[in-house]
Amino acid sequence: MRLSQAFLPTLKEDPADAELVSHKLMVRAGMLRKHAAGIYSLLPIGWRVTRKVAQIVREEMDRTGAQEVLLPIMMPSELWKETGRWEKYGKELFRQRDRHDRDYVLGPTHEEAITDLVRNHVRSYRDLPQNLYQIGVKFRDEIRPRFGLMRAREFLMKDAYSFHVDDAQLHETYERMHAAYTTIFRRCGLTFVVVEADSGAIGGDVNHEFMVTADSGEAEIFASGCGYAASAESAKFAWTPQAEEPAAPMAERETPEKRTVEEVAAFLDVSADRLLKSLVFYAEEEPILAIVPGNRELNEAKLARHLGGAPLRLATAPEIERLTGGPLGFTGPVGLAGKIRTIVDATIQEGRNYVAGGNRKDLHLQNVRLGRDVVVSERADLTTAKAGDRCPRCGEVMVVSRGIEVGHVFKLGTKYSESMAARFLDAEGTERTIVMGCYGIGVTRIVAAAIEQSNDENGIIWPMPIAPYHVHVVPVNFKESRTRDTAEDLYKALMSAGIEVLLDDRDERPGAKFKDADLLGIPLRVTIGEKGLADGIVELRDRKTSAVARVPVGDAATAVIARVREALTTATS
RNA sequence: CGGGGCGUAGCGCAGCCCGGUAGCGCACCUGCCUUGGGCGCAGGGGGUCGCAGGUUCGAAUCCUGUCGCCCCGACCA
């Protein structure tokens, strides 16, 4: 590509509305422009990179035996009603209505569509397994889109869905996909970790997230030396039960205007872990009382999973008053037996005395004991791990870090096939439900993550396999005939060798060209100038290391080709 | 949804408090000049100041509403 003809609007200054380095650089490097919050156009350079990432994904998917399809962006609401997600997916689901007032969904993911497709064609165990994928646009009405491509409302995703006769067969594919994901992210030049994760609105049981490590990441990761790694939504932690205490009679304590854990703990002079934090939720129409220790945070994802994935919302103050008889801030589990489903966190012990709200203004109760005073509906792990917590496997203190989620693989089981009646006949002639897996990769998010992980004060530093071009040829003064001829010759030679070349044939000052070259971040730069030509050489500069090699003009093409091929194969292996 | 900030030329911003002919830098166009890290000089084009009402002789500026964008938070009692 000749820069003089390229649609490549680079910017000297950071855009005012960008926060993350990757977002700023993508806009400055002429890759990305915004139309509305979370809605972007990819410009030629940005799309080239995206296509390269998509191509790597495609190659590795094909290698697993998965087959590419294209599913509709817009789907009839009926499919989503079948699985219940029309109601359960919540506000993130973009909905559309046509002229006949029929409801549609702009797909945030495609379990429904693919299951509909497969159930109509798979009859026998002989038709299984199947593994289908697509690379397509997804829509999510994010609560707060931000960080450019990192959390957009419309984005490019690879989603794959596999169909099996049983768990063992699913496991085989799951492992293969897991391995393929590792290869994909490695080929994209990313540093990443694999963590155990929460399945959120997708559902299912076993699942892993692939996280690109970055301080700017939105996701928190807990990990320990033994290999345990988990996202904040799902991380477990070890805890040591404390000694039982003799039962003491429950006592009322006036706690005027003491609502928060801190206020109550200080007022009654007890530690925060003595307090039973009582939170009222609604899971659809059912009220839920969740009890966690005062020194820990309730983990909504864990609670939602315990409840089967229904969307949760916290009860409002009037609702709390109606349900418990007391105002917000003084809620507790005592005396609510039979009135509200009460789920108690696993770390709260029987045989110890706790403090809880009294369901009356300015009242707390002391020496509250599970079983005796509190009717427990269920026990569950309800809290989020925090810094200093110990690994559930090895007991070591876990390290907390941040990451960008770029991939997620799930064993779905029969969550969708059951509700959508996707069945097959086994060898015995018995009808059985198909077992599913699903596997996602945020293609556009990888682009952002790659930049987030590889840049310097001058711009982007692309890994060769996803760089928009392999080589950037910069003639210092394109008007000077020897420089121009050398550049043109090299340009043609490289192109005919299949190398992707960007030629800066603009009549710009060298400084401007170098700045743009650094900003664009193409891994190799060839500088051609009168000074070098006087010695019969051109300069080969490495964007990442800034190392410069002086290469005889006649060897330039060969040297570049060798370097590009080497960088491409190293990344692949 | 709550709190905060911002909407003035393609981009980055000043002007607004204190109403009176809309500015700066970059980018862009023309000419000259220059060519190894965002050259220089001269000339030039481009904005109904987000939108709608209101106050006023007069509104970018004051008031009301509305839309959009960004940041923080999103209920942990």
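In what follows, chains carry the letters A, B, and so on, assigned in the order in which the sequence lines appear, proteins first and then strands, with residues in each chain numbered from 1. Note that the coordinates shown come from a computational prediction; the quantities given were computed from them, not determined experimentally.
No hydrogens or angles considered: a donor-acceptor pair under 3.5 Å links the side chains of A:T527 and A:R525. Judged by distance alone, the side chains of A:E452 and A:S216 do bring a donor and an acceptor atom under 3.5 Å apart. No side-chain N or O of A:D362 forms a donor-acceptor pair with one of A:T255 less than 3.5 Å apart. Side-chain contact of A:T10 with A:D516: a donor-acceptor pair under 3.5 Å is present, judged by distance alone.
In the set B:C39, B:C75, B:A74, the nucleotide with an atom closest to the side chain of A:A512 is B:C39.
A:E539 comes within 4.0 angstrom of a base, heavy atoms only. As judged by a 4.0 angstrom heavy-atom cut-off over every strand, A:V280 is placed among the base-contacting residues. Contact annotation for A:R541: base contact, defined as any heavy-atom pair under 4.0 Å involving a base atom. Within 4.0 Å (heavy atoms only), A:R506 reaches no atom of the nucleic acid at all. A:T260 comes within 4.0 angstrom of the backbone, heavy atoms only, and of no base. Using a 4.0 Å heavy-atom criterion, one finds that A:R146 contacts the sugar-phosphate atoms exclusively. Residue contacts shown for A:F478 are absent, as no nucleic acid heavy atom lies under 4.0 Å away. The residue A:D518 sits close to a base: some heavy atom pair falls under 4.0 Å. When heavy atoms are screened at a 4.0 angstrom cut-off, A:A18 is found touching no nucleic acid atom at all. Within 4.0 Å (heavy atoms only), A:T316 reaches no atom of the nucleic acid at all. Using a 4.0 Å heavy-atom cutoff across all strands shown, A:G357 reaches no nucleic acid atom at all.
Taking atom NZ of A:K12 as the reference point, atom P of B:C26 lies 7 Å away to the nearest angstrom. Computed from coordinates, the A:E142 CD to B:C69 P distance equals 15 Å when rounded to whole Å. For the pair A:L312 CG and B:C76 P, the computed distance is 15 Å after rounding to whole Å. We find that CD1 of A:I143 is positioned 11 Å from C1' of B:C75, with the value rounded to whole Å. With rounding to whole Å, A:R550 atom CZ is found 15 Å from B:G36 atom P. Atom-to-atom, NZ of A:K34 to C1' of B:C70 comes out at 7 Å; the value is rounded to the nearest Å. Going from atom CD of A:E297 over to atom C1' of B:A74 covers 13 Å, rounded to whole Å.
In this structure, B:C6 and B:G68 make a Watson-Crick or G-U wobble pair, each of the two defining distances being under 3.5 angstrom. In this structure B:G19 sits in no base pair that meets the Watson-Crick or G-U test at under 3.5 Å. When Watson-Crick and G-U wobble pairs are counted only if both distances are under 3.5 Å, B:G31 pairs with B:C41. In this structure, B:U55 makes no Watson-Crick or G-U wobble pair, since no nucleotide meets both defining distances under 3.5 angstrom. Nucleotide B:U48 forms no Watson-Crick or G-U wobble pair with any nucleotide shown, as no partner meets the under 3.5 Å limit on both distances. Across all strands shown, B:C1 forms a Watson-Crick or G-U wobble pair, both distances under 3.5 Å, with B:G73.
Distance noted for atom P between B:G7 and B:U35: 43 Å (whole Å). A distance of about 38 Å separates the P atoms of B:C41 and B:G19, rounded to the whole Å.
Under a 4.0 Å N-O distance rule, the pair A:R402/A:E218 does not qualify as a salt bridge.
Looking at which nucleotide of RNA chain B each of A:A37 and A:F281 is closest to, the 5′-most match is held by A:A37.
One donor-acceptor pair, N or O on each side, does fall under 3.5 Å between the base of B:G37 and the side chain of A:R525. Between the side chain of A:N477 and the base of B:G36 there is no donor-acceptor pair of N/O atoms closer than 3.5 Å. Interface remark: the A:D14 side chain does not form any donor-acceptor pair with the B:G12 base, using a distance-only criterion of under 3.5 Å.
For the pair A:R144 and B:C72, the criterion of a side-chain N or O lying under 4.0 Å from OP1 or OP2 is met. In this model, the phosphate group of B:U35 is not approached by any side-chain N or O of A:K513 to a distance below 4.0 Å at OP1 or OP2.
The aromatic ring centroids of A:Y40 and A:H35 lie 6.0 Å or more from each other.
With A:I343 as the fixed residue, the side chain to side chain contact (heavy atoms under 4.5 Å, CB included) test singles out one of A:L279, A:L307, A:V292, A:L289: A:L307.
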